[in-house]
There are 2 protein chains.
Amino acid sequence: MTAKQGKKKAQPVTMATIARIAGVTPSTVSRAFNHPELISPETVERIMEAVRLTGYVPNLVAGGLASNRSRSLAAIVPSITNIIYAAFVQNFVVNVRERGYQVMLMESGFSRQTEQELVATALGRRPEGFLLTGVNHSNACRRQLLAADVPVIEAWDLTESPIDICVGFSHAGAAKAAARHLVGRGYRSVAIATMDDERALRRRDAFLAELRAAGIAHPREVTLPGGPTLGKGRQALARLLAEQADDTADTAIFCSSDVIAHGIMIEAQSRGLSVPGDLGVMGFGDQEFAADLNPALTTIRIDRAALGARAAEAMMARIDGREDVERRIDIGFEVIDRASLLAR
Amino acid sequence: MTAKQGKKKAQPVTMATIARIAGVTPSTVSRAFNHPELISPETVERIMEAVRLTGYVPNLVAGGLASNRSRSLAAIVPSITNIIYAAFVQNFVVNVRERGYQVMLMESGFSRQTEQELVATALGRRPEGFLLTGVNHSNACRRQLLAADVPVIEAWDLTESPIDICVGFSHAGAAKAAARHLVGRGYRSVAIATMDDERALRRRDAFLAELRAAGIAHPREVTLPGGPTLGKGRQALARLLAEQADDTADTAIFCSSDVIAHGIMIEAQSRGLSVPGDLGVMGFGDQEFAADLNPALTTIRIDRAALGARAAEAMMARIDGREDVERRIDIGFEVIDRASLLAR
DNA sequence: TTGAAAGCGCTAACAT
DNA sequence: ATGTTAGCGCTTTCAA
């Protein structure tokens with residue numbers, strides 16, 4: 001509108017524009033934004049006035065190039081549509097935003113290969129740090145990350161040898177706690193319905209081992225590929241029932257996800273089986289809906305908000321150059337005892 | 001490792017490094033990446049060899065500054081943890097990725113004020129386009145977007161006067177279709193359980209109007225604040241029942257979300273009410289779980305994958321400078337008839 | 001098909 | 001407290 005000289009294209013307002021209007025040099029404008037304490041209040045005010053006047057928005061990509069600080073972070077999760085990861089990453093995003101960081105969110109689909117490709121792509125934008133899911137990455141991926149020499153937070157899992165920092169909980173520990181809880185409830189016939197992703201399988205192994213240790217002989221098992229859905233939960237029970245049609249009584253099923261547990265409860269209901277009367281069900285994750293099911297679902301709570309917040313905190317600490325950061329942050333888990341198991 | 005001269009900090013490999021190794025100038029390297037057809041195959045090969053050797057990753061922020069093309073897009077959705085929006089945006093992301101675009105995903109929490117702040121922040125990174133949710137934005141927001149002079153896709157809703165392009169469906173139309181479906185099924189006693197976000201309220205209004213037109217006098221109504229949860233669905237039925245304890249028979253409830261519908265089904269079950277026998281339930285969205293409920297949920301399907309894909313398509317068309325793009329893309333909706341209503 | 005040169009919009013020593 | 005001066009790592013005319 002106010003294009004002077006009627007030039008073809010309205011030339012964009014840059015820091016130089018602001019400097020001219022405020023009667024200072026660009027460096028002063030830059031300082032007014034980044035280190036206002038170095039500039040006299042009056043000058044800052046004049047500059048801000050010019051900013052208001054023009055609607056100037058500092059170009060962060062230019063700034064990033066000059067300062068070698070992109071103020072961006074890369075986050076790679078297995079799935080954005082899985083609320084488990086969405087809630088976690090959301091908390092991470094909110095926490096780093098407060099510090100002026102923008103996150104580029106990417107989805108690996110549980111594939112190490114994809115993860116690696118995403119890391120490579122992300123690297124092009126020079127993020128100042130990476131948030132990864134899990135601790136199992138391809139060698140190429142680790143190599144690239146190491147070469148980039150930026151903080152790397154591995155979330156959702158714990159390892160003795162993180163790339164940089166890991167924040168999560170012991171999947172084996174959680175699964176063992178589940179097994180003990182079931183055994184403690186008096187269940188001697190136990191089954192497991194599990195997704196086939198790495199962490200779920202790790203839980204399965206620990207769960208089975210703990211059962212064996214408790215003298216429970218032949219736990220039934222059904223593995224479900226891909227992401228958890230109600231439909232897969234229903235199938236899981238259907239399959240389990242097909243295998244041992246006669247006696248489900250006194251059986252409890254541990255699921256790798258609350259969603260699967262929920263599906264099992266629906267299938268049970270549709271077959272006239274009562275939970276927990278005819279069948280005990282235990283979930284994993286303590287999603288929002290777990291307490292609202294009927295019966296309310298016994299499950300294992302993972303504090304996803306804390307996970308995101310701690311990851312953000314660790315990331316910021318590293319970016320600030322602090323070396324005193326814990327390299328292995330355990331957020332723990334908690335067995336949440338509700339009504340979907342028999343109390344004996 | 002191979003830091004020559006034992007200098008303090010291993011200086012990063014840039015385009016100049018590659019140029020030196022390949023025996024060409026930086027401009028040739030740049031062309032090899034962006035316009036390989038202008039370069040002799042042998043030269044390209046030598047350059048790629050140097051890239052492999054060094055693990056060079058082009059700096060997109062420098063490139064973006066030089067070319068004034070950030071190859072990034074901003075997307076603002078009300079909530080990332082609501083699967084409805086997550087699925088939509090996921091499809092958008094996947095589709096623009098294929099074209100080399102990275103998206104910065106932000107969450108407005110259904111607040112116009114927040115949305116505007118996010119737009120302002122995003123602008124600093126000079127995205128080449130914006131994906132917004134809904135068609136209702138603050139004036140400041142519209143102004144900024146207009147000033148930025150980039151493509152803006154407004155999704156999930158349709159309007160006669162989009163900022164640039166809108167892709168969505170008629171919420172009024174969908175709600176009316178729901179009302180007609182219920183009336184067609186013979187329901188004369190109808191209730192609505194709705195969230196309080198803008199689009200849900202728009203559906204409610206249209207739903208109520210259509211009922212009125214059909215001569216249905218006093219539909220009961222319960223409004224639920226915030227995001228949809230199973231718990232809120234349960235509460236909704238509890239409240240409805242508290243108001244008309246005597247006769248729920250022959251009543252159908254239309255919900256603004258499948259999740260609410262699901263909660264209502266759970267509450268009904270816990271009270272010994274049969275669906276659809278004692279109570280009809282209709283959802284909205286056709287989420288993945290809807291078909292797996294017991295009874296399967298009658299609902300209105302919104303093709304979220306198509307929504308994301310069409311939005312991406314429109315965005316890319318605009319970025320390519322095509323002017324022939326439809327400004328108002330209707331993806332429609334579909335009544336999905338399942339078992340949660342009585343068939344009379 | 002390739003090179004030379006001039007910037008993109010900003011930041012960060014180094015001066016003053 | 002502010003100005004000067006070099007870049008940051010790339011792209012893109014314009015030449016050759």
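As a basis for the values below, the full set of heavy atoms in this structure was taken, side chains included, without hydrogen atoms, waters or symmetry mates. Here is the naming used below: chain letters follow the sequence lines, and residue numbers restart at 1 for every chain.
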> Has the side chain of A/Ser27 got a donor or acceptor atom sitting under 3.5 Å from an opposite partner on the base of D/dT4?
Replying inline: yes
> Under 4.0 Å between a side-chain N/O of A/Tyr56 and OP1 or OP2 of C/dC10, yes or no?
Replying inline: yes
> Of all the nucleotides listed (D/dT11, C/dG9, C/dT11), which has the minimum atom distance to the side chain of A/Thr14?
Replying inline: C/dG9
>> For D/dC10 and B/Ser30 - does any side-chain N or O of the residue sit under 4.0 Å from the phosphate oxygens OP1/OP2?
In response: no
>> If you assign B/Ala66 and B/Arg46 each to the DNA chain C nucleotide with the nearest heavy atom, which residue ends up on the more 5' nucleotide?
In response: B/Arg46
> If you check every side-chain atom of A/Ser40, which of C/dT11, D/dT13, D/dA1 has the closest atom?
Replying inline: D/dA1
> Rounded to whole angstrom units, what separation is found between the CZ atom of B/Arg20 and the C1' atom of C/dG3?
Replying inline: 16 Å
>> If I take atom CZ in residue A/Arg69 and atom P in nucleotide C/dG9, what distance separates them, rounded to the nearest angstrom?
In response: 23 Å
>> Please tell me if B/Asn68 has a side-chain N or O lying less than 4.0 Å from either OP1 or OP2 of D/dT11.
In response: no
> What is the distance, rounded to the nearest whole Å, between atom CG of A/Asn34 and atom P of C/dG9?
Replying inline: 17 Å
>> Any N or O donor-acceptor pair under 3.5 Å from the base of C/dG3 to the side chain of B/Arg31?
In response: yes
>> So, OP1 or OP2 of C/dG3: does either fall under 4.0 Å of a side-chain N or O from B/Thr25?
In response: yes
> In whole Å, what is the span from the CZ atom of A/Phe33 to the C1' atom of D/dA1?
Replying inline: 18 Å
>> Assess the residue pair B/Ile84 and B/Arg304 against the criterion (side-chain contact (heavy atoms from CB on, under 4.5 Å)); give the C-alpha distance rounded to whole Å, side-chain angles, the decisive distance to 0.1 Å, and a yes or no.
In response: CA-CA 7 Å; B/Ile84 282 317; B/Arg304 297 180 289 279; 3.5 Å; yes
> Within this structure, what is the CG-to-P distance between B/Leu38 and D/dC14, rounded to whole angstrom?
Replying inline: 16 Å
> Given A/Arg318 and A/Glu128, is the salt bridge (charged side-chain N to carboxylate O under 4.0 Å, His left out) satisfied, shown in steps?
Replying inline: CA-CA 10 Å; A/Arg318 257 298 193 260; A/Glu128 292 182 46; over 6 Å; no
> How many Å lie between CG on A/Asn59 and P on C/dC10, as a whole number?
Replying inline: 5 Å
> What is the distance from CD of B/Glu42 to P of C/dT1, rounded to the nearest Å?
Replying inline: 9 Å
> Is A/Arg71 side chain donor-acceptor paired with the C/dT11 base, going by distance under 3.5 Å alone?
Replying inline: no
>> With side-chain hydrogen bond (donor to acceptor under 3.5 Å, both in side chains) as the test, pick out the partner of A/Ser138 among A/Arg112, A/Gln116, A/Glu117.
In response: A/Gln116
